[in-house]
Structure formats: structure tokens, C-alpha cells
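Heads up: the structure comes next, in C-alpha cells.
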Amino acid sequence: MTPLTIVESRAIPLALANVDTDQLIPARFMKRPRTEGYGPFLLHDLRVDPQSEASRLDDPAFAGAQILVARRNFGSGSSREAAVYALADYGFRCILAPSFGDIFASNAVKNGVLPAIISEADVETLLNDSMLRSGGLVHIDLAQQILRVGNHVVEFEIEPVWKTQLLNGWDDIDMTRSYSTAVADFVAHDAQARPWATPSL
Amino acid sequence: MSSAPRTIIDKIWDAHAIATREDGQTLLWIDRHLLHEGSFHAFDQVRRRGAKVTRPDLTFGVADHYVPTRNREAIAPDIRRMVDQLVENTTEHGIALFGLDDPRQGIVHVTVPAQGLTLPGLTIVCGDSHTSTHGAFGAYAFGIGASEVAHVMMTQTLWQKRPKRMRVRVEGALPPGSTAKDIALTFIAQVGADGARGHAIEYAGPVVRALSMEGRLTLCNLSIESGGRLGLVAPDEITFAFLRGRPFAPKGEAFARAVIDWRQLASDRDAAFDREVVIDGSEIAPVVTWGVSPEQALPISSTVPDPKLILDVSRAEAARDALTYMGLSPGMKLTDIRIDRVFIGSCTNSRIEDLRAAAAILAGRRAIVPGLVSPGSATVKKQAEEEGLDRVFRDAGLEWVDSGCSMCVGMNGDLVPAGERCASTTNRNFKGRQGQGARTHLMSPAMVAAAAITGHLTDMRPLLEGRAP
């Protein structure tokens with residue numbers, strides 16, 4: 001996983017609440033292998049409407065954006081990691097919102113995407129920020145947990161564990177394998193403690 | 001082990017904690033890992049690492065998300081590939097599969113519990129957010145993404161942070177006609193679709209205790225729609241009676257031993273919860289959703305909300321956006337909302353009791369809109385046919401089809417056409433969930449049956465008069 005320390009890019013304002021994973025990637029696109037790239041399917045059914053908030057994904061004024069600002073409960077719903085694949089393949093490295101679906105946030109971190117929590121008031125301020133809305137650069141510093149747009153500075157929250165993981169680009173599997181002795185001990189003890197726990201047919 | 005009072009959530013957690021790091025992350029043992037067609041991303045990750053599934057004996061595959069519910073002889077090639085891919089992946093790794101032709105095939109969260117694979121005190125994961133369903137047995141069950149699925153495949157463990165605990169106590173007694181679905185939608189409307197975020201929920205109180213296993217499965221299923229990590233009900237005699245004799249459940253002496261352990265799985269009297277929510281069960285009426293989030297739900301006697309009267313900017317805009325998508329006007333009666341079709345099915349409401357409840361309304365009546373009834377598993381289908389329920393649905397003019405996720409998620413091609421409005425027993429009224437431009441109203445199976453008969457959202461209670469529910 002690529003470490004994430006600083007992100008500096010345009011930011012797309014998406015003034016929508018409850019952007020669920022069905023909207024992030026409609027189910028009909030999920031049969032495709034990841035190698036084909038999921039970016040074009042991000043918010044597909046909203047994005048086709050030129051009046052919609054999501055149409056900015058195709059607006060040249062926001063080309064190269066790696067940051068998305070949205071309202072509460074972003075990524076709620078289904079556990080489909082394809083929602084994060086779509087965001088990541090489009091180019092997003094950071095999503096700013098007042099709250100995230102738990103499974104989505106976890107999936108995001110595992111794909112090197114930062115789910116940064118900011119207050120509802122800060123979201124409204126950013127969504128209305130003229131510099132941000134005109135494609136101005138937004139600077140995000142994960143170590144400091146701040147974002148800057150012009151002279152405006154906003155602090156964000158992130159689970160400390162996820163922060164460390166993103167900063168270092170750590171991989172869970174390697175970490176887990178270093179616990180193989182503890183796992184073996186657990187399994188041996190558990191077989192005595194809960195003999196009924198394994199399926200019997 | 002600490003002797004401080006603990007919740008059931010902590011008891012199960014502690015029994016599965018292999019190691020806890022300084023940063024608070026705990027490595028949890030996973031007792032059951034459930035896979036479906038969508039798990040191909042995780043199999044691909046495992047393959048890329050040159051690894052294998054470490055505990056195939058604790059891993060079960062079920063074909064449900066993409067399976068056709070009709071004409072299984074003539075499956076479209078892209079759907080066929082999804083089903084075949086699951087067969088190939090599970091075969092390669094020696095994993096038992098309830099595949100397309102298996103008599104146990106069905107929706108993973110319906111057929112797995114019915115097989116006795118879901119037991120109290122187990123940790124259960126699946127790459128599907130409605131894995132919370134299995135909490136009905138007092139299991140610690142939650143949905144995970146593909147990277148975590150791959151991690152469980154390779155290690156049979158997961159790194160997790162101990163969740164906050166929420167207790168939802170439903171007091172009093174449910175009025176006739178109100179169901180587990182109505183409890184869940186009432187709770188979600190009260191706390192919001194992100195209200196239980198970061199929490200594991202224990203459902204408690206006399207109303208929950210009085211629910212059948214089917215009702216508890218519906219209630220726990222919808223935990224994720226409140227943002228909760230999982231929801232569970234402490235096991236009791238109803239749980240044990242359900243499990244006794246199920247194919248994969250412990251047998252004889254082993255079962256007796258298990259029940260002794262399972263009786264310990266209750267929250268201690270003074271155990272602390274981070275949050276308590278109390279709901280008066282006697283106030284719960286049949287509920288329907290009017291918007292595009294499960295939190296946008298109201299009793300059937302209500303009117304469509306007016307966004308102008310909602311003070312919070314973000315919520316007011318969400319309501320306005322929802323009404324535009326749903327094609328509704330503020331102030332109109334919910335019972336004046338006309339529907340184009342109905343769907344009875346999904347991991348939320350497709351069990352035998354759900355089918356009986358819908359059939360009780362439909363018996364001897366005709367639906368005036370088309371609709372699909374997809375039982376939760378091949379075994380539920382068989383049982384329903386033995387009880388003659390299939391005839392009730394067919395005689396009413398509804399289609400009686402095979403089991404799968406079907407029109408809840410539309411992956412198999414069972415879709416609501418754009419602009420059409422569907423009364424649905426499913427779990428998500430998200431934009432486009434049942435098909436691009438489709439409009440979904442969530443409700444209980446009996447409420448869907450009533451809407452089918454009248455062609456508009458309807459209070460089912462008068463239609464139940466003089467009939468056994």
C-alpha cells in the first residue's frame with residue numbers, strides 16, 4: 001500500500017448526505033475484474049445528469065482532483081469494497097465528511113484512501129468556499145491532521161490506528177503473520193473451551 | 001479474566017481475543033466465514049499473494065447474489081460466469097458450497113442459520129453488510145470488505161477495535177399487526193441512518209424476548225441500516241429450541257454442553273452500555289419509508305414530510321432531494337402513494353413466517369399490480385409449498401420464483417424499471433438500489449401484500465380482520 005502523508009489537489013464539493021455505496025458504484029458494474037478499472041463507474045447514475053452535484057467529476061475545472069468533500073453518512077450501506085475501488089481508481093485519496101459508514105471507512109484505509117472526519121459546520125463552509133468551488137488547491141497534511149484552502153485551516157479527525165497505517169502504508173497480513181504463535185495457542189485452548197464451536201455434520 | 005460486569009458483546013469479544021496491540025487493535029478469532037459470488041475480489045487477492053484459505057472447514061460458500069430466480073436452465077453468460085467463478089474458487093480451496101443446484105441453496109443469511117451453522121457466541125463474518133442478521137442467535141456477526149475477506153481467508157482472524165456498546169430496549173408489547181420490521185424502522189428513524197455508528201447493539205426488553213427467531217433475524221438484519229456494526233439478541237429457550245436437530249448444530253451430549261455455555265451469554269445485571277435507547281413497543285405501528293434512506297420512515301397513518309419544516313440544513317436538503325427522486329409532494333398522505341409492483345423476498349423478510357404473514361393478507365384476494373415472491377432458500381420454498389402458500393401467491397397473481405437476493409439488489413437482472421414504484425420487504429430504499437431510477441418503499445411482508453391488493457400504500461390491519469395473522 002502506498003503511504004499517504006500529504007495530499008495537495010483540487011477538491012470536489014459534493015453537497016449530498018447519505019451517499020451510499022449503491023450510488024458510489026451501482027451493482028450492475030460489479031461483475032468486472034478490478035484490473036479493468038472502476039473509476040468510470042464512480043457515482044455513475046448521478047454523474048450522467050449534468051445538473052447533479054456529481055457531474056463535477058467530469059468538469060475540467062476539477063480535473064486531477066484527489067479530494068472529495070461530502071455531507072454526513074458517506075459510504076453507508078453495502079460492504080462492497082468496489083465503492084472504494086471506484087473512488088481510488090478515479091484518483092481520490094481523501095474523502096472529507098462528518099461521518100462515514102463503518103465498513104466503508106475500514107475498506108478505504110485498506111486501499112490507501114483517507115476517510116477524514118470534519119464537523120458538519122466545516123463541511124458546509126468548505127462546500128461554499130469560493131476558492132474550493134473554483135478548483136483552487138486544497139492541502140491536506142495527515143500527520144498534522146489539518147487541511148488548508150487559501151488562508152482557511154480546518155482540523156480533521158481520523159482513528160489513530162488508521163492514521164499510522166496510512167502514514168506507513170502498512171499491510172495487515174504481514175502484521176498478523178507475526179502473531180502465528182499466539183494464534184496457535186488460542187486455537188489449542190479454544191478447542192477445549194468451546195468444543196461445540198466447530199461445525200458438525 | 002476480569003470479574004467486572006460485562007455485556008454479552010464483551011463476553012463474546014473476550015472469548016475471541018487472541019492478542020491486543022498497544023494501539024488497542026485486537027486480533028479476533030473468526031468461527032465462521034461465509035462467501036458468495038462477490039467474494040471473487042478476495043480470492044483474487046489471495047491468489048496474488050500465492051496464499052491459500054487456511055481453514056476451509058470453517059468457511060462456507062453460498063450462491064445468492066447473482067443467481068437467477070427463473071429459468072435457471074438459460075442463464076445469461078455474464079451471470080453464469082459469476083456463479084461458475086464461485087464454484088471454481090471454492091473447489092480450488094476445498095470449501096463447502098451451497099451452489100445453484102444444492103437443496104440448501106438460498107440467501108446466505110437465511111440458509112446458513114437454518115442449517116444450524118449460526119450458533120450463540122460465535123464470531124461470523126461475510127463480505128456482506130447484512131451479516132448482522134446472524135446476531136439473532138447471540139452471535140457476533142458483521143459485514144466486512146474484500147480486503148478483510150482476504151485476510152480472514154488467509155489467517156481466520158481479523159484486526160478489530162472494540163466497539164462501543166448500545167442497548168436498545170423495546171418495552172411493553174407490540175400491538176397486533178406490528179412486526180420486527182416495524183421495530184427496526186422505528187428505531188432507525190429515531191436515531192438516524194448513522195445513529196449507531198461505531199456501536200455494537202444488543203436488542204433487549206420484553207418485545208424482543210417475545211420475537212420468534214424469524215423476527216429476531218429481521219431485527220438484527222437491519223442493524224446496519226442504523227449504522228451499527230452489528231446487532232444481537234442474547235440466546236434463550238427460543239434460540240435453543242430452534243437450533244436443536246439442525247444439520248450442522250452440535251448433537252446429543254455436545255448440544256447439552258453447548259447450551260450450558262450459551263446460557264452464560266447474557267449481559268450481566270450491572271454491565272455498562274455506552275448508550276441506551278428505550279422504545280415503547282406499544283407505540284410501534286406499521287411503518288413505511290417515503291425517501292431514499294431507511295431513516296426516512298414513518299407510520300403508515302402519516303403524511304409526507306415538508307422539507308421547509310426541517311431545521312437542519314443537511315437533513316432538509318436530503319429530504320428535498322429524496323422527494324424529487326421519489327416523485328412525492330410534501331403533505332400528501334402516505335396511503336395515497338400509488339405503487340407499480342411489489343417484491344417479497346431478501347435476507348430481511350423471506351423466511352417462512354414472512355411468507356405466512358403475506359399470504360394471510362393475500363388469501364382469496366387478487367393483487368392489482370405485478371409482483372415477485374422469492375423465498376429465502378430452497379428449503380423455505382419447499383416448506384411454503386407444503387403449506388400451500390405458493391398457491392395463495394399464484395392465485396393472487398404474483399410470481400412464485402426461486403431463491404436469491406433477487407430484486408433487493410438487482411444483480412441477477414430482477415429489476416424495478418426506471419420511474420416505477422415498488423412496495424418491498426427489503427432493506428434499502430437507496431436511489432437505484434432496485435434498478436436505475438427505481439423508487440422503493442420498505443415495509444413488512446403483510447404491508448407489501450396489502451399494497452399489492454389496493455395498488456397503493458395501505459394499512460394492512462383492517463385487511464387482517466377476521467383472519468389469523
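For the numbers below, each heavy atom of this structure counts, side chains included, while hydrogens, waters and symmetry mates do not. Naming convention: chains lettered A, B, ... in sequence-line order (proteins, then strands); numbering from 1 in each chain.
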**Q.** Contacts of residues 93-102 of chain A with chain B (heavy atom under 4.5 Å)
**A.** A:S99, A:F100, A:D102
Q: Find the distance between CZ (B:R21) and OG1 (B:T26) and round it off to the nearest 0.5 Å.
A: 9.0 Å
(Q) Within residues 125-136 of chain A, which residues come under 4.5 Å of chain B, heavy atom to heavy atom? (A) none
Q) Can a salt bridge be assigned to the pair B:D261 and B:R257 using a cut-off of 4.0 Å between side-chain N and carboxylate O? A) yes
Q | B:K251 NZ: over 12 foreign heavy atoms closer than 6.0 Å | A | yes
Q. Out of curiosity, A:D141 CG to A:F156 CZ, how far, rounded to the nearest 0.5 Å?
A. 7.5 Å
(Q) Check A:R72 with B:D312, please: is the shortest side-chain N to carboxylate O separation under 4.0 Å? (A) no
Q: Supply the atom-to-atom distance B:D321 CG to B:S293 OG, rounded to the nearest 0.5 angstrom.
A: 11.5 Å
Q. Is A:R80 paired with A:D20 through a side-chain N to carboxylate O contact shorter than 4.0 Å?
A. no
Q: Measure the CZ-CG distance between B:F255 and B:L243 for me, rounded to the nearest 0.5 Å.
A: 5.5 Å
Q | Euclidean distance, A:L43 CG relative to A:D49 CG, rounded to 0.5 Å | A | 12.5 Å
(Q) Sub-4.5 Å heavy-atom contacts with chain B: which residues of residues 106-124 of chain A show up? (A) A:S106, A:N107, A:K110, A:N111, A:E120, A:E124
(Q) For A:V187, which atoms come within 4.5 Å of any heavy atom of chain B: side chain, backbone, both, or neither? (A) side chain
Q) When only heavy atoms count and the cut-off is under 4.5 Å, which of residues 160-182 of chain A reach chain B? A) A:V161, A:D171, A:D172, A:I173, A:D174, A:M175, A:T176, A:R177, A:Y179, A:A182
Q: Decide, yes or no, whether a salt bridge links B:R81 with B:D84 under the criterion of side-chain N to carboxylate O below 4.0 Å.
A: no
**Q.** Ring centres under 6.0 angstrom apart (A:H44, A:F29)
**A.** yes
Q: Counting only heavy atoms closer than 4.5 Å, note whether A:A193 contacts chain B via side chain, backbone, both or neither.
A: backbone
